[in-house]
A.B. asks: 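Let me begin by handing over the structure; questions about it come next.
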Amino acid sequence: MTNRERIDRLEIEKQLPKEDWVQLLSTFTTEDREYAAEKARKISTGIFGKTIYFRGIIEFTNICKNDCYYCGIRRSNDAVSRYRLTLEDILECCQEGYENGYRTFVLQGGEDGWFTDERMEEIVRAIKERYPDCVVTLSIGERSRESYQRLYDAGARRYLLRHETASPVHYAKLHPAVQTLANRMRCLNDLREIGYQVGCGCMVGSPYQTAEDLAEDMLFMGKFRPHMIGIGPFIPHSQTPFRDFEAGSVETTLMMLSLCRIMIPEVLLPATTALGTVRGDGRQEGVLAGCNVIMPNLSPLSVRKKYMLYDNKVGTADSAADGMARLAAQMEAIGYQVVSGRGDSPRMQG
Ligand code: SAM
């Protein structure tokens, strides 16, 4: 079977046998990638039109109890200046975002024990009270099912938790032994059962990753059918154990994004900050490969440089209004329009 035939088969069957994933992901050519991108783009515009949803990320704490080998804010990085935003800081970010058309706020942070269920509930409730027409998305890592339930009851409706890699052997090469893929998967299943719109995803080109691992990622995502998928290239951070590894390939990232769009047509698919970091026009390329979401940074400028997950992260100097204007211009340049609104998953309107 040729790679084009594999892509056609994926479009019809919405999944491929593992062997075909491995072949496709290890042998695709530029032409194959463009073929997949064109298909993905058509599917995306068929569902969402030439519009791009945007979500504001508020990086509210860079304190983390975890020690992921790839991540710049890992516990063992003593060179990081640590911070926590107050509720007032967070509400100010939301206000600035709201004035600029944002209707989804993504609270992202390290796994910081100071943010107990009570404190997180207070934050979620305060945002929902002040901005009832907005969605609160959480991206705060692994917690108990009870905790996820409490935060849902407080008003959070979406949760981003990348699975990072669906291969347990590969997972163990990226994380200390106390962090397990089994618990990550437990979290994803709990979140979905509670009723969240759930996002999973992985890094492309992370150290020790093989085409088999990427095949496992596609198999898992095809089965789990998340509402959102976050995929970006691994980028080394100079103060982590993975400092000497190379960044992941933009081409493979774009191919994975297109294949996700073809496999799960209605998925909400961001062109990630990491993609925009490894290549200046990476986010535009992401959209042309089938992405339909962009997630600009709404964190206060004073803390942006302290939330460095990887080296040279883009968007650390733009105000909310500048970031929006630049983004709108970038999208217009390729014939797309950013639209305000909640941008819920087509599977979960209302
Ligand atoms: N602590 C939460 C969690 O684990 O889901 C949210 C914050 S975590 C920093 C957000 C994402 O950043 C991770 O899921 C990971 O995929 C990504 N990330 C961390 N370090 C990275 C790196 N060096 N290159 C690319 N992405 C990275």
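Both ligands and their constituent atoms are indexed starting at 1 by order of listing. Computed from a predicted model, the values in this text were never measured in an experiment.
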A.B. asks: Can the positive tip of Arg4 be found less than 6.0 Å from the middle of the six-membered ring of Tyr35, inside 45° of the ring normal?
C.D. replies: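 Arg4 over Tyr35 ring: yes.
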A.B. asks: Is it the side chain, the backbone, both or neither of Cys202 that has a heavy atom closer than 4.0 Å to ligand 1?
C.D. replies: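 Under 4.0 Å from ligand 1, Cys202 contributes no heavy atoms.
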A.B. asks: Any non-hydrogen atom of Gly201 lying under 4.0 Å from ligand 1?
C.D. replies: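 For ligand 1, residue contact (heavy atoms, under 4.0 Å) with Gly201 is absent.
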A.B. asks: Can you find a non-hydrogen atom of Phe245 under 4.0 Å from ligand 1?
C.D. replies: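 In this structure, Phe245 fails to qualify as a contact of ligand 1 - no heavy atom is under 4.0 Å.
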A.B. asks: Measuring from the heavy atoms of Met203, does anything fall under 4.0 Å of ligand 1?
C.D. replies: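 Yes, Met203 has a heavy atom closer than 4.0 Å to ligand 1.
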A.B. asks: Within the 4.0 Å heavy-atom shell around Leu161, which atoms of ligand 1 are there?
C.D. replies: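 Matching atoms, with element in brackets: 5 (O).
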A.B. asks: Parallel, tilted or perpendicular: which describes the rings of Phe245 and Phe242, with under 30° parallel and over 60° perpendicular?
C.D. replies: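 Ring orientation, 0 to 90° scale: perpendicular.
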A.B. asks: Inspect the contact between Lys42 and Glu38 and indicate whether a charged nitrogen and a carboxylate oxygen are less than 4.0 angstrom apart.
C.D. replies: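 Counted as a salt bridge, because a side-chain N and a carboxylate O are separated by less than 4.0 Å.
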A.B. asks: Would Glu164 count as being in polar contact with ligand 1, using the rule that some N or O on each side must be under 3.5 angstrom apart?
C.D. replies: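 Yes.
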A.B. asks: For atom 6 (C) of ligand 1, which of the options Gly141, Gly109, Cys64 provides the nearest non-hydrogen atom?
C.D. replies: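 Minimum heavy-atom distance to atom 6 (C) of ligand 1 goes to Gly109.
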A.B. asks: Does this structure show an ion pair linking Asp117 with Arg143, if we count only N-O contacts that are shorter than 4.0 Å?
C.D. replies: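 Here Asp117 pairs with Arg143 in a salt bridge, since their nearest N and O are under 4.0 Å apart.
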A.B. asks: May I ask you to identify, for Arg184, whether its side chain, its backbone, both or neither come under 4.0 Å of ligand 1 on a heavy-atom basis?
C.D. replies: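 It is the side chain that gets close, since no backbone atom is under 4.0 Å.
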A.B. asks: Should Thr240 and Arg74 count as side-chain neighbours, where that means a heavy-atom distance under 4.5 Å?
C.D. replies: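 Counting from C-beta outward, Thr240 and Arg74 do come under 4.5 Å.
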A.B. asks: Quick check on the 6.0 Å ring-centre criterion: do Tyr102 and Phe54 meet it?
C.D. replies: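 Between Tyr102 and Phe54, the centre distance is under 6.0 Å.
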A.B. asks: Identify, for atom 12 (O) of ligand 1, the protein heavy atom at the shortest distance, and state residue, atom and that distance.
C.D. replies: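 Checked against all protein heavy atoms, atom 12 (O) of ligand 1 sits closest to Leu309 CD1, 3.5 Å.
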A.B. asks: Check whether any protein heavy atom sits under 4.0 Å from atom 8 (S) of ligand 1.
C.D. replies: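 No, no protein heavy atom sits under 4.0 Å from atom 8 (S) of ligand 1.
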A.B. asks: Between Phe60 and Phe115, is the ring centroid distance below 6.0 Å?
C.D. replies: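 Yes.
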A.B. asks: Can the positive tip of Arg157 be found less than 6.0 Å from the middle of the six-membered ring of Tyr152, inside 45° of the ring normal?
C.D. replies: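 Yes, Arg157 lies over the aromatic ring of Tyr152.
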A.B. asks: Heavy-atom distances under 4.0 Å decide this one: backbone, side chain, both or neither, for Glu142 against ligand 1?
C.D. replies: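 None of Glu142 does.
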A.B. asks: For Tyr70, is at least one N or O under 3.5 Å away from an N or O on ligand 1?
C.D. replies: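 Between Tyr70 and ligand 1, an N or O pair is found under 3.5 Å apart.
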A.B. asks: Please classify the Tyr159 to ligand 1 contact at 4.0 Å (heavy-atom distances, strictly less than): side chain, backbone, both or neither.
C.D. replies: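 Contact part for Tyr159 vs ligand 1: neither.
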A.B. asks: Tell me, which protein residue and heavy-atom name are nearest atom 23 (N) of ligand 1, and how many Å apart are they?
C.D. replies: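 Result: Ile235 O, 2.7 Å.
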A.B. asks: Are Thr253 and Val278 packed together at the side-chain level, in the sense that at least one heavy-atom pair is separated by less than 4.5 angstrom?
C.D. replies: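 No, their side chains stay 4.5 Å or more apart.
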A.B. asks: If you measure from each heavy atom of Ala274 to ligand 1, is any distance below 4.0 Å?
C.D. replies: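 No, that is not the case, since the closest heavy atom of the residue is not under 4.0 Å from the ligand.
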A.B. asks: Before accepting this row, confirm whether a basic side-chain N of the pair Glu59/Lys306 lies closer than 4.0 Å to the acidic partner's carboxylate O.
C.D. replies: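 Looking at Glu59 and Lys306, the cut-off is not met.
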A.B. asks: Name the option, out of His163, Arg162, Glu111, that contains the heavy atom nearest to atom 17 (C) of ligand 1.
C.D. replies: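 Nearest heavy atom to atom 17 (C) of ligand 1 lies in Arg162.
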A.B. asks: Identify, for atom 25 (C) of ligand 1, the protein heavy atom at the shortest distance, and state residue, atom and that distance.
C.D. replies: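 Residue, atom and distance for the closest contact: Pro233 O, 3.4 Å.
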A.B. asks: Under 6.0 Å between ring centres: does that hold for His175 and Tyr69?
C.D. replies: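 Ring centres of Tyr69 and His175 not closer than 6.0 Å.
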